[in-house]
Amino acid sequence: MSEEVPSYLADGWTIRSWLLTTDHKRIALLYMASITAFFFLGGAAAALMRLNLLTPTGMLVSPEMYNRLFTLHGVVMVWFFLVPAVPVTLGNFIVPLMIGARDLAFPRLNLLSWYLFMAGGLVTLSALLLGGVDTGWTFYTPLSTSFANGYVVLTAVGVFIAGFSSIATGLNFMVTIHQLRAPGLTWYRLPLFIWSLYATSVILVLATPVLAMTLILLAAESLFHVGVFDPKLGGDPLLFQHLFWFYSHPAVYIMILPGMGIVSELVSVFSRRPVFGYKFVAWSSISIAVIAFFVWGHHMFVAGQSLYASLVFSLLSFTVSVPSAIKVFNWLGTLHKGYVRLDAPMLYALGFIGLFTVGGLTGLFVATLISDVHLTQTYFVVAHFHYIMVGAMVSAYFGGLHYWWPKITGRLYPEMWGRVAAMLIFFGFNLTFFPQFILGYFGMPRRYHAYAPAFQVLNVLSSAGASILAVAYVLPFGYLLWSLVWGERAPANPWRATGLEWKTTSPPPTENFADTPIVTEEPYNYPAPEIREQHV
Amino acid sequence: MSGLLPAASANGPSVDRVLAALLGVSCAVLLLVFGLMLVYVVRYRAASTIDRGRLTDKSWRFEIAWTSATLVVFFGLFIWGADLYVQLYHSSPAALKIYVVGKQWMWKVEHPTGQREINALHLPVGKPVDLIMTSEDVIHDFSVPAFRIKHDVLPGRYETLSFEPTRVGTYDLYCTQFCGLDHAAMTGKVVVLSQSDYAAWLAAQGPTDDLAHQGQALFVRYGCDGCHGGRGTVHAPNLARLYGSPVPLADGRVVVADERYLRDSILQPGREIAAGYAPVMPSFAGQIDESSLLELIAYLKSLSQQAGGVR
């Protein structure tokens with residue numbers, strides 16, 4: 001398109017030009033390579049677990065190895081894929097473009113975030129692979145402090161370091177969104193992806209320090225026998241759970257809020273309609289971020305916390321699901337009277353809505369006190385949170401990746417393969433995790449490397465689904481890489497979408513925009529049906 | 001299906017009714033969401049020339065409608081689930097009190113009449129039960145899906161789990177809080193017997209001393225009676241009728257002498273000093289295992305039930 005301005009990809013070819021870059025777009029790609037590696041590592045652990053669970057006696061690995069596998073799976077997937085995934089890749093790349101800025105507010109801090117992330121990741125990985133940790137990603141005390149080996153502390157150190165990357169990213173986004181919006185881009189003209197990332201950043205900045213403190217206390221008890229959590233040393237094991245979930249429940253919203261933002265973008269673009277109830281969707285993100293801090297005790301209904309605490313946490317847990325329901329209804333309202341196209345990103349978005357709804361509704365089962373008593377700590381819970389954190393969240397990530405792929409790489413992905421992968425992921429995911437709801441109702445506990453023979457049929461179904469899901473997750477990796485070389489060159493705005501990111505070239509130049517854009521219209525301003533031309 | 005998972009406790013059927021209601025609500029919402037999605041995607045596909053009519057601009061009416069509908073349904077579910085949950089915390093005064101100790105990786109059960117079992121729990125049908133549970137090491141969780149109950153078993157404190165088996169049979173018992181290497185092997189059976197079979201089972205365990213008697217022997221062996229027996233020179237509280245009664249503390253508070261208080265007073269005697277006594281009792285932490293502690297406490301409890309006691 002513009003031959004005179006080289007794209008950010010052509011701006012330097014040396015390794016140094018990548019590893020010392022302060023360009024948010026290049027840092028996004030560094031992150032993308034890193035989290036992809038972590039995703040496949042965590043996925044490989046899951047694949048081994050599902051293989052092991054084909055037979056009731058656990059056909060593949062020893063109990064010790066199985067415990068290490070699910071710990072590795074949880075730690076890697078939560079802290080090194082799900083929490084950072086959308087903010088540091090798509091968010092990093094798109095936020096400055098969407099608001100008409102040249103970069104994030106603190107470009108060097110952004111690079112430092114990546115180095116912290118990698119340092120944390122490598123420390124944790126060395127602990128998990130060399131020594132092995134078998135406490136589960138939740139590190140419950142006193143199992144993790146007084147009854148486990150020293151690699152727990154090394155793992156925690158890695159997570160601790162990576163936490164600073166989270167905080168720095170959240171801070172960077174908040175300042176950027178406050179300070180660097182293009183002239184005319186008022187808060188209510190911001191794309192909903194920006195609103196959701198803003199809400200995410202608030203949680204990142206406020207919750208991550210609590211995790212850091214908890215891990216310090218954990219290390220103090222493990223290494224120096226300071227009695228904090230172990231009753232034998234005068235501590236209280238429930239204190240750890242309170243502190244841990246004070247971070248880890250809001251962390252669920254760190255994972256899902258950016259996904260919700262992506263889906264708001266996709267549903268609007270591919271229906272060619274403004275998002276229905278824009279302000280409600282925007283503020284629902286903020287209210288989720290606020291209420292998310294007051295529901296942590298719903299992880300502890302059978303843990304021995306006070307009866308009154310459980311009552312309050314149950315009520316608040318119902319409350320936090322209301323803004324989520326509002327979003328789902330508004331997405332449906334956006335489809336209404338639209339001009340709907342089912343390109344691959346839209347299939348991922350619709351898949352997200354379906355999986356998120358199942359995950360949200362089964363959340364009611366575990367928010368209700370009496371049914372939680374029966375279902376918690378079983379495969380029902382495993383299925384529930386995978387529907388949200390994996391089914392929905394990874395669908396949203398892939399949806400956004402396909403949607404912005406032409407902008408990021410300057411190439412179009414093969415549309416047919418995109419649609420096949422989207423549908424295969426939806427099918428494979430449901431086959432993997434739906435049987436686990438039923439297993440949970442029948443009482444199969446989670447984190448068991450062997451199980452009663454009566455549970456085998458459903459476990460085999462689940463493992464069969466996992467093999468389909470594995471193929472479906474590898475598929476985009478293949479054809480997206482293929483498109484880098486052989487994909488058709490992308491125009492500046494292949495989706496004819498609104499939004500500033502489409503007003504520059506694909507891929508954008510290092511400076512993003514030749515001239516600072518000026519915003520004069522509302523978001524998602526697609527032509528009204530009466531006046532739009534019909535050849536869509 | 002119910003063959004796989006019977007509802008074998010008094011609260012089981014009511015839990016299943018809540019689950020059925022939740023399933024009903026979920027199916028209705030799923031039908032609505034997937035139905036609307038399908039209808040809109042087909043009806044308003046880009047190639048369709050169907051008249052889209054005027055756009056709805058008064059969106060806030062819809063927002064208020066579906067937000068309040070959601071809130072009403074959620075609040076109803078909350079109340080229903082909370083009501084049943086609160087009932088779980090009511091233990092019957094007539095309940096059979098059985099002690100459970102979890103350790104890596106087995107369940108140890110002690111009946112009040114002295115019978116012990118490992119990874120098994122025999123119960124009479126139709127009688128309320130209180131399990132008084134603690135752990136020797138990490139956190140475990142006592143879960144019986146057929147009873148729809150589950151509760152964490154914590155080191156350093158007693159948690160009570162109340163229920164009433166209503167159906168004779170053998171049911172699976174699981175540890176459902178990850179507790180280390182052989183977590184998946186920390187399972188057992190709960191055997192619910194008819195009243196007569198239960199009596200026969202108790203008798204068949206051979207002559208045993210009940211827990212309180214075993215505790216009385218420990219009371220002597222650990223030298224507790226030296227001070228608390230009333231014969232020594234040390235001024236120590238009289239433990240008769242102590243259990244269940246209010247104890248004024250030196251710092252002005254008043255606590256009820258329950259299992260927790262007795263346990264803490266043995267292991268950490270300096271923490272809650274009874275008013276009017278010098279803090280001279282040594283700690284027994286690390287010297288008495290969980291089973292012996294339970295026997296000692298059973299003995300102290302028996303003192304408040306019978307007249308007289310330690311003199």
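By convention in this document, chain letters (A, B, ...) are assigned in the order of the sequence lines, proteins followed by strands, and residues within each chain are numbered from 1.
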Visitor: Under 4.5 Å, counting heavy-atom pairs only, tell me which of A/D230, A/D372, A/T362, A/N330 racks up the most with chain B.
Guide: A/N330
Visitor: So how far is it from A/F380 CZ to B/L19 CG, rounded to the nearest 0.5 Å?
Guide: 8.0 Å
Visitor: If you count heavy-atom pairs under 4.5 Å between each of B/R148, B/R45, B/E63 and chain A, which one has the most?
Guide: B/E63
Visitor: Where does B/D83 contact chain A at under 4.5 Å (heavy atoms): side chain, backbone, both or neither?
Guide: neither
Visitor: As an exercise: rank B/L267, B/V153, B/V41, B/L36 by heavy-atom pairs under 4.5 Å with chain A and give me the winner.
Guide: B/V41
Visitor: How far does CZ of B/F178 sit from OG1 of A/T71, to the nearest 0.5 angstrom?
Guide: 6.0 Å
Visitor: Kindly give the heavy-atom pair with the smallest separation between B/L154 and A/P237, and that separation in Å.
Guide: CD2-CG, 4.3 Å
Visitor: Less than 4.5 Å apart, side chain to side chain, heavy atoms only: is that true for B/I139 and A/L143?
Guide: no
Visitor: Quick one: pull up CG in B/L32 and CG in A/L332 and give me the separation to the nearest 0.5 Å.
Guide: 7.5 Å
Visitor: Please look at B/T187 and chain A and tell me whether the side chain, the backbone, both or neither of the residue comes under 4.5 angstrom of a heavy atom of that chain.
Guide: side chain
Visitor: Look at the aromatic rings of B/W66 and A/F276 and report parallel, tilted or perpendicular, splitting at 30° and 60°.
Guide: tilted
Visitor: More than 12 heavy atoms of other residues, nucleotides or ligands under 6.0 Å from CZ of A/F434: is that the case?
Guide: no
Visitor: Between A/F147 and B/C179, does the side-chain contact (heavy atoms from CB on, under 4.5 Å) criterion hold? Intermediate values first, please.
Guide: CA-CA 9 Å; A/F147 294 84; B/C179 60; over 6 Å; no
Visitor: For B/F75, which atoms come within 4.5 Å of any heavy atom of chain A: side chain, backbone, both, or neither?
Guide: side chain
Visitor: Parallel, tilted or perpendicular, judged at 30° and 60°: which one describes the rings of A/H336 and B/Y44?
Guide: perpendicular
Visitor: Looking at B/R157, B/E159, B/Q268, which makes the most heavy-atom pairs under 4.5 Å with chain A?
Guide: B/R157
Visitor: Within this structure, what is the OG1-CD1 distance for the pair B/T67 and A/I326, rounded to the nearest 0.5 Å?
Guide: 3.5 Å
Visitor: Testing the basics here: between B/T70 and A/A325, what is the closest heavy-atom pair and its distance to 0.1 Å?
Guide: CG2-CB, 4.0 Å
Visitor: For A/F455 and B/Y174, take the angle between the two ring planes, folded into 0 to 90°, and tell me which bin it lands in: parallel under 30, tilted 30 to 60, perpendicular over 60.
Guide: tilted
Visitor: Just verifying a value: how many Å separate A/M444 CE and B/T176 OG1, rounded to the nearest 0.5 Å?
Guide: 13.0 Å
Visitor: Does a sphere of radius 6.0 Å around CH2 in A/W137 hold more than 12 heavy atoms from other residues, nucleotides or ligands, not counting ones at 6.0 Å or beyond?
Guide: yes
Visitor: How long is the span from the OH atom in A/Y140 to the CD atom in B/Q177, to the nearest 0.5 Å?
Guide: 5.5 Å
Visitor: Apply side-chain contact (heavy atoms from CB on, under 4.5 Å) to the pair B/F74 and A/L364, showing each step before the final yes or no.
Guide: CA-CA 8 Å; B/F74 284 6; A/L364 302 179; 3.6 Å; yes
Visitor: Is there side-chain contact between A/Y441 and B/D16, with heavy atoms separated by less than 4.5 Å?
Guide: yes
Visitor: Closest approach of A/P231 and B/P155, non-hydrogen atoms and distance?
Guide: CG-O, 3.4 Å
Visitor: Mark yes or no for whether A/K337, through its side chain, and B/Y40, through its backbone, hold a donor-acceptor pair below 3.5 Å.
Guide: no
Visitor: Please classify the contact between B/F78 and chain A as side chain, backbone, both or neither, with a heavy-atom cut-off of under 4.5 Å.
Guide: both
Visitor: Below 4.5 Å, heavy-atom pairs only: which of B/V33, B/D172, B/L23, B/I149 has the largest tally toward chain A?
Guide: B/V33
Visitor: Could you tell me which non-hydrogen atom of A/Y448 sits nearest to which non-hydrogen atom of B/H183, and how far apart they are?
Guide: CE1-NE2, 3.2 Å
Visitor: Please check this pair: side chain of A/N67 against backbone of B/L181, looking for a donor-acceptor N/O pair closer than 3.5 Å.
Guide: yes
Visitor: After noting the C-alpha distance and the side-chain angles of A/Y339 and B/R52, does the key distance pass the side-chain contact (heavy atoms from CB on, under 4.5 Å) rule?
Guide: CA-CA 9 Å; A/Y339 291 78; B/R52 264 79 172 173; 3.4 Å; yes
Visitor: Taking the side chain as every heavy atom from C-beta outward, state whether B/V42 and A/V340 have any atom pair closer than 4.5 Å.
Guide: no
Visitor: Give, as side chain, backbone, both or neither, the part of A/Y66 having an atom under 4.5 angstrom from any heavy atom of chain B.
Guide: neither
Visitor: Which answer fits B/Q104, side chain, backbone, both or neither, if we ask what part of it has an atom under 4.5 Å from a heavy atom of chain A?
Guide: side chain
Visitor: Count the heavy-atom pairs under 4.5 Å between each of A/G443, A/P445, A/A450 and chain B, then report the option with the highest count.
Guide: A/P445
Visitor: Tell me, side chain or backbone of B/I79 under 4.5 Å from chain A's heavy atoms, or both, or neither?
Guide: neither
Visitor: Output the option from A/L350, A/T319, A/V328, A/T141 having the highest count of non-hydrogen pairs under 4.5 Å with chain B.
Guide: A/L350
Visitor: Quick one: does A/T357's side chain get under 4.5 Å of B/L30's, heavy atoms only?
Guide: yes
Visitor: Between B/P145 and A/F442, is any pair of side-chain heavy atoms under 4.5 Å apart?
Guide: no
Visitor: Can you see which heavy atom on B/Y85 is nearest to which on A/F301, and at what distance?
Guide: OH-O, 2.7 Å
Visitor: Can you check whether A/V302's main-chain N or O pairs, donor with acceptor, with B/K150's side chain at less than 3.5 Å?
Guide: no
Visitor: Show the numbers, then the answer: is there a side-chain contact (heavy atoms from CB on, under 4.5 Å) between B/D182 and A/H449?
Guide: CA-CA 9 Å; B/D182 266 332; A/H449 97 290; 5.7 Å; no
